[in-house]
Each structure stands twice: as structure tokens, then as C-alpha cells.
**Q** 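Let me begin by handing over the structure; questions about it come next.
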Amino acid sequence: MKDFIAELRWRGMLQDMTPGLENHLKEGMKSAYLGIDPTADSLHIGHLVGVMTLVHFQRSGHKPMALVGGATGMIGDPSFKSVERNLLDMETLNQNINAIKTQLAKFLDFEGDQANKADLVNNYDWMAPFSFLEFIRDVGKHITVNYMMAKDSVKRRLEEGNGLSFTEFSYQLIQGYDFYYLWKNKSCSVQLGGSDQWGNIVTGAELIRKKAGGEAFALTVPLITKADGSKFGKTEGGNVWLDAEKTSPYAFYQFWLNVSDEDAGKYIRIFTTLDQESILHLENEHQEAPHLRGLQKELAKQITVMVHGQQEFELALKASSILFGKSSLEDLAALDERTFLQVFDGVPVLRLSTEQFKALENTTDLLALDGMIFNSKGEARKMIKGGGVSINKVKINDPNAEVAMPLLQEKYLLVQKGKKNYYIVKVG
RNA sequence: GGGGGAAUACCAAAGCGGCCAACUGGGACGGACUGUAAAUCCGUUGACUUAUGUCUUCACAGGUUCGAAUCCUGUUUCCCCCA
């Protein structure tokens with residue numbers, strides 16, 4: 001059995017824990033849970049810190065439990081949120097829960113018969129049959145409103161004056177009861193969570209103490225930050241999701257590859273299961289040859305493989321080298337159609353009939369057609385003069401040149417506006 | 001209520017009768033360099049077209065002039081000072 005706390009510590013994943021937890025875990029196999037509210041039909045990388053904590057917990061020989069909040073998801077956690085959340089309906093919640101289950105299985109071992117196999121629970125199962133009267137008699141009695149209001153997370157909402165409904169206020173009580181329930185029925189003695197969950201988790205431990213005289217522990221992981229101060233896990237396109245439909249494996253891979261040097265070391269500790277020695281080794285290499293970005297590449301590889309699998313990773317790698325490497329017309333032409341379409345998955349496609357294509361007088365006409373690539377011919381010309389347009393990886397210099405590029409696979413042209421904007425022209 | 005000032009393109013800020021589609025800085029977008037980075041340097045930044053052209057802009061509505069963002073009148077908004 002490995003030392004879970006020590007593991008988190010060197011990885012920089014330990015924000016806070018209740019006293020005694022370290023000794024508690026040394027007694028033998030324990031069980032810990034992490035709650036995830038099914039607010040969307042996919043996890044995003046913000047969830048990953050918590051999930052990785054569970055992963056390390058399992059790797060340390062303990063039993064992890066993931067709790068999807070079918071009940072709490074209906075309420076909405078007010079912690080550090082400035083406005084009242086929207087309620088989700090049952091149907092959406094169930095879809096979300098199922099999607100999240102599938103994603104969790106990529107990280108945790110739910111199969112097999114080993115003692116520490118991961119479990120998935122849904123608090124809807126025990127909250128739904130619970131009547132309101134029973135709840136306030138059995139649970140509400142043990143925790144005072146004074147205690148609940150003293151939490152930072154609640155206090156802030158009260159001070160801001162945006163209001164806090166009773167529904168959201170009761171969230172911490174429900175989460176507290178979850179902890180109690182799992183402690184009582186599943187011998188779960190530890191709750192993990194983000195640092196914003198500290199208050200909620202402690203309420204649960206308090207409930208266990210008051211209601212049953214039991215002992216339970218809390219452990220929180222730090223909020224992930226970025227060296228430049230901007231918010232972690234966001235791109236211009238919004239959240240970085242684990243669902244390939246929402247964030248393509250390529251975009252996912254790119255996100256990690258583009259992590260700054262300062263952040264890469266921190267992230268590789270948190271988001272991969274590489275051991276300390278390997279990481280130090282990678283960091284040394286990175287020190288010596290920062291331009292190779294070995295650290296980012298390994299980080300991106302590890303996570304992409306874990307989330308999307310080896311095959312998707314290789315495709316993302318291929319796409320990256322074609323899009324950003326020194327690839328040439330030959331490289332492009334060498335791709336078979338299927339790979340080509342996969343590499344350029346998500347790139348806008350401009351469809352042209354063969355007649356339309358033949359009728360084009362010059363390159364500018366092509367680029368300004370439909371206003372999709374450029375809004376006007378003038379704009380296209382300017383960009384060409386500025387050296388910002390390539391077709392099939394060959395830079396265009398003359399706006400009036402005829403369209404004489406060979407069609408890839410007899411039907412595609414790859415248009416590049418600037419470095420990162422790709423368009424496909426499909427003829428026929 | 002009285003007095004003074006300001007309104008300019010994405011933002012900031014020049015211009016004060018023709019040389020103004022409007023200096024300059026920031027931002028944005030391109031290019032070079034590079035690590036798909038940072039820093040730096042260069043270019044573009046009203047629209048359409050590509051001729052060295054047309055059209056629409058300098059709060060709004062009128063006016064004076066061959067000609068105005070620049071002068072006059074009114075309207076609106078904002079700021080400052082006195083009450």
C-alpha cells in the first residue's frame with residue numbers, strides 16, 4: 001500500500017486535509033469519495049484534478065468512489081457562485097450521468113473483483129425516497145443554521161446581496177448527508193474535493209460526528225492556476241471537454257501542447273500518473289532543450305492517450321505535424337482521403353461544383369467566393385499581398401494568378417489564412 | 001439656476017477651411033524570427049474595387065463657402081466651476 005498523502009504532496013495536489021487523515025489511511029484500505037455534479041453531459045478538464053485524486057487513491061491501494069450527484073445536481077451548489085443556478089430536469093440529468101460514467105471508466109478501474117475496485121454511486125438513489133419531513137428531522141436537526149451560514153461559500157452569497165434561495169442553501173446539508181450515508185453504508189471515511197468544497201465536506205464530517213459519533217476526514221485539492229493569471233481550462237472556444245464531440249482529440253492534444261513552460265511541470269504532476277523520477281528526468285531535458293518542449297509533448301501525450309486512446313492520439317499528432325510542422329504539398333498528397341478528412345475534421349468546407357471551379361478567373365475570386373474565407377476580394381488581395389495566404393501549403397504571392405493548384409484526391413484544396421486558420425475547398 | 005469646456009474610427013488621442021479616409025499609441029489581424037512560445041522587427045486596420053478610382057465617415061440636423069472633421073445656428077449627451 002502506497003502512501004497516498006505523500007503522493008499527493010509531491011505532486012502539488014494537496015491543498016488541505018483534516019488532522020489524523022494520514023494515520024487513518026495507514027491503518028489499511030480505506031474508501032474515499034469525490035462528488036461530481038452532472039451539470040453537463042461531459043466532464044471538462046477542470047474536473048480532472050479531482051478525478052486524478054481518485055486515480056491516485058486507487059493506485060495507492062485504497063477504494064475510490066465517484067458520486068454523481070443526481071440529487072445535488074438538481075439543486076445546484078452555491079459555493080462561490082455569484083448567482084442562483086438553473087435547475088436541470090430529470091431527463092437531462094440522467095443523460096449527463098450516463099455520459100459521465102462512461103468517461104470516468106477511462107480513469108478508474110470499475111471492473112474486476114479486487115477489493116479496491118472503484119464504485120460509482122448516485123445520491124439520487126438515497127435522496128429520492130427521503131421525505132422532506134424525515135430529512136429535516138433526521139438530518140437538519142444536527143446542524144445549526146448558524147453553522148451553515150458561517151461558511152465562506154455561503155457568506156459571500158449573502159454579502160453580495162444577490163440572494164440565495166433556500167434550495168441552494170440546503171445544498172451543503174444534502175452533500176453532508178451524502179457523506180454520512182456513504183460512511184454508514186459503504187464505510188467511506190474520506191471525502192475528496194476541490195478547495196471550494198472544503199466547507200461542504202466539513203459539514204458532512206460534522207454530521208457524522210454528531211449523528212453517529214463517527215470519525216470522517218476531508219481532503220481538498222488546490223485550484224489549478226495558470227502562470228499568466230488567466231483561467232485554467234479555457235480556450236477561445238470555451239471549456240476543454242473530455243467528450244470528443246465537444247472538443248476534438250486534436251484540439252484536446254493541442255491544448256496541452258500549448259501549455260506554458262512554467263505550467264507544464266505543475267500540470268504533468270497533476271494530470272499524469274508518471275512517477276517522480278520520470279518527471280524530474282523530463283524536466284531536466286526540458287531545461288537543456290526548452291525549444292523541443294519535451295515536457296509539453298509528454299504531458300499532452302499522456303492525457304490524450306488516457307482520455308481518447310492511443311489511436312486518436314496518433315491522429316492528433318499527425319494532424320499537428322501537418323498543420324504546424326514543415327509539411328509540404330507532397331506530405332499532403334500522400335494522405336489518403338480518410339486520413340485527410342480526419343486530420344481536417346472540423347475545418348470549414350467550401351463546396352464548389354466543377355463548373356463553378358472552372359469558371360474562376362483567379363485565386364482572389366476563389367478566396368472571396370461566398371464570403372466564407374474572405375468577406376471581399378479587397379480583403380483577400382490585402383492578405384495575399386501581406387503573405388498571409390497559402391493553398392496546399394504553398395504560399396500565394398500574386399492575387400491575380402490563375403487557380404492552378406493540383407486538387408488533392410482530385411477534389412480538395414487546402415486553403416490557409418494566416419497560420420492557424422484552415423479551410424477546405426471541395427470541388428465536385 | 002448661472003458660467004466654461006468636450007463630443008473624431010475597436011479604444012485612447014492629434015487635427016482647427018483645401019496637402020484628411022484623417023498624425024500617433026494601444027488593441028486586433030497578417031508577415032519575419034522562434035519552440036505552434038515570449039521578446040523584437042515589418043505590414044494591414046471605413047467599404048467596394050485595383051484602379052494610382054468610386055462611395056460612406058469626424059455626436060445629430062441645418063447653414064456659410066468653389067471646397068469643412070475644421071467656420072456659423074439649433075438639438076442631444078458628457079465633463080468642470082459657481083450657486
Side-chain angles (χ1 to χ4, degrees), chain A residues 45 225-237 240 247-268 282-304 312-328 331-332 343-348 359-403 414-423:
Chain A
I45 58 175
T225 54
K226 268 169 69 174
D228 66 5
S230 57
K231 204 169 177 189
F232 169 77
K234 298 270 184 190
T235 62
E236 300 93 80
V240 178
T247 300
S248 72
Y250 162 74
F252 187 84
Y253 175 78
Q254 282 287 321
F255 172 82
W256 296 104
L257 192 64
N258 281 316
V259 159
S260 71
D261 290 0
E262 302 93 281
D263 291 326
K266 187 165 72 185
Y267 295 168
I268 203 167
L282 280 167
E283 281 181 329
N284 279 333
E285 280 184 346
H286 190 260
Q287 282 276 313
E288 278 165 35
H291 60 282
L292 294 178
R293 286 187 297 161
L295 207 49
Q296 283 93 334
K297 282 180 183 161
E298 190 60 25
L299 170 69
K301 176 185 171 181
Q302 291 283 332
I303 309 186
T304 309
E312 290 294 339
F313 157 70
E314 278 167 21
L315 209 59
L317 194 62
K318 194 165 194 171
S320 298
S321 82
I322 288 170
L323 263 39
F324 295 105
K326 293 182 201 64
S327 59
S328 62
D331 295 328
L332 273 181
V343 165
F344 293 102
D345 182 36
V347 166
L360 294 170
E361 292 200 11
N362 54 43
T363 313
T364 308
D365 279 354
L366 171 71
L367 296 175
L369 200 76
D370 253 23
M372 194 171 98
I373 306 178
F374 287 100
N375 285 321
S376 69
K377 292 187 184 180
E379 224 175 275
R381 265 180 235 274
K382 269 179 201 160
M383 188 72 95
I384 291 173
K385 281 181 185 165
V389 179
S390 296
I391 295 181
N392 290 349
K393 285 281 169 190
V394 179
K395 189 158 281 183
I396 306 296
N397 301 309
D398 180 7
N400 298 315
E402 286 180 35
V403 185
L414 180 68
V415 179
Q416 213 175 333
K417 176 168 97 180
K419 237 173 221 161
K420 298 187 178 179
N421 304 303
Y422 287 85
Y423 301 87

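Side-chain atoms are counted along with the backbone in the values below, which use heavy atoms only and exclude waters and symmetry mates. Labels below follow one simple rule: chain letters A, B, ... track the order of the sequence lines, proteins then strands, and each chain is numbered from 1. If you're wondering where the values come from, they're calculated on a predicted model, not measured in any experiment.
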**Q** With distance as the sole test, does A:Lys226 use its side chain to make a donor-acceptor pair with the main-chain N or O of A:Asp263 at under 3.5 Å?
**A**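 It does not hold such a pair.
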
**Q** Between the side chains of A:Asn400 and A:Glu361, is a donor N or O closer than 3.5 angstrom to an acceptor N or O?
**A**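 No donor-acceptor contact under 3.5 Å links the two side chains.
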
**Q** Among B:G30, B:U50, B:U36, which is the nearest nucleotide to the side chain of A:Arg293?
**A**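 Shortest atom-to-atom distance from the side chain points to B:U36.
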
**Q** Does A:Leu257 reach a base, just sugar-phosphate, or nothing at all? Heavy atoms under 4.0 Å.
**A**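 A:Leu257: base contact, heavy atoms under 4.0 Å.
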
**Q** Checking A:Lys266 against A:Thr225 for the side-chain hydrogen bond (donor to acceptor under 3.5 Å, both in side chains) test, could you report, in this order, the C-alpha distance in whole Å, the side-chain angles of both residues, the deciding distance, and whether it holds?
**A** CA-CA 10 Å; A:Lys266 187 165 72 185; A:Thr225 54; 3.1 Å; yes

**Q** Counting only heavy atoms and a strict 4.0 angstrom limit, can you tell me which residues of residues 313-321 of chain A come near RNA chain B?
**A**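 Result for residues 313-321 of chain A: A:Ser320, sorted by number.
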
**Q** When all nucleic acid strands are considered with a 4.0 Å heavy-atom cut-off, which category describes A:Gly378: base, sugar-phosphate, or nothing?
**A**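 The answer is base, as A:Gly378 lies within the cut-off (heavy atoms under 4.0 Å) of a base atom.
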
**Q** Checking contacts here: which listed nucleotide (B:U36, B:G35, B:U50) is nearest the side-chain heavy atoms of A:His291?
**A**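 Out of B:U36, B:G35, B:U50, the nucleotide with an atom closest to A:His291's side chain is B:G35.
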
**Q** When you get a sec, tell me which of B:U36, B:G35, B:U44 is the closest nucleotide to the side chain of A:Gln254?
**A**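 Output: B:U36.
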
**Q** Please name the nucleotide paired to B:G46 by Watson-Crick or G-U wobble geometry with both distances under 3.5 Å, or report none.
**A**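 Because both required distances fall under 3.5 Å, B:G46 counts as paired with B:C55.
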
**Q** Could a donor-acceptor pair under 3.5 angstrom be found where the side chain of A:Lys419 meets the base of B:U34?
**A**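 Answer is yes: a donor-acceptor pair is held.
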
**Q** Closest approach to the side chain of A:Asp261, judged atom by atom: which nucleotide of B:G35, B:G30, B:U36 is it?
**A**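 Selected nucleotide (nearest to the side chain): B:G35.
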
**Q** With a 3.5 Å limit on both atom pairs, tell me what B:G17 is paired to, counting Watson-Crick and G-U wobble, or say none.
**A**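 By the stated definition (distances under 3.5 Å), nothing pairs with B:G17.
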
**Q** Is it possible for you to check whether A:Lys417 lies under 6.0 Å from the centre of the six-membered ring of A:Tyr423, through NZ or CZ, and within 45° of that ring's axis?
**A**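 Here A:Lys417 fails the 6.0 Å and 45° test against A:Tyr423.
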
**Q** Where the side chain of A:Asn258 is defined as all heavy atoms beyond and including C-beta, which of B:U50, B:C29, B:U36 is the nearest nucleotide?
**A**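 Shortest atom-to-atom distance from the side chain points to B:U36.
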
**Q** I need the residues from residues 393-401 of chain A with at least one non-hydrogen atom less than 4.0 Å from RNA chain B; give them sorted by number, or say none.
**A**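 RNA chain B contact set from residues 393-401 of chain A: A:Lys395.
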
**Q** Between B:U64 and B:U73, how far apart are the C1' atoms? Round to whole Å, please.
**A**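 Looking at atom C1' only, B:U73 and B:U64 are 10 Å apart.
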
**Q** Whether A:Ser376 contacts B:C48 is assessed here as follows: a side-chain N or O lying under 4.0 Å from the phosphate OP1 or OP2. Is that the case?
**A**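 It does, given that an N or O in the side chain of A:Ser376 lies less than 4.0 Å from OP1 or OP2 of B:C48.
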
**Q** Does a side-chain N or O from A:Asn421 land closer than 4.0 Å to OP1 or OP2 of B:G30, or not?
**A**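 Yes, such a contact exists.
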
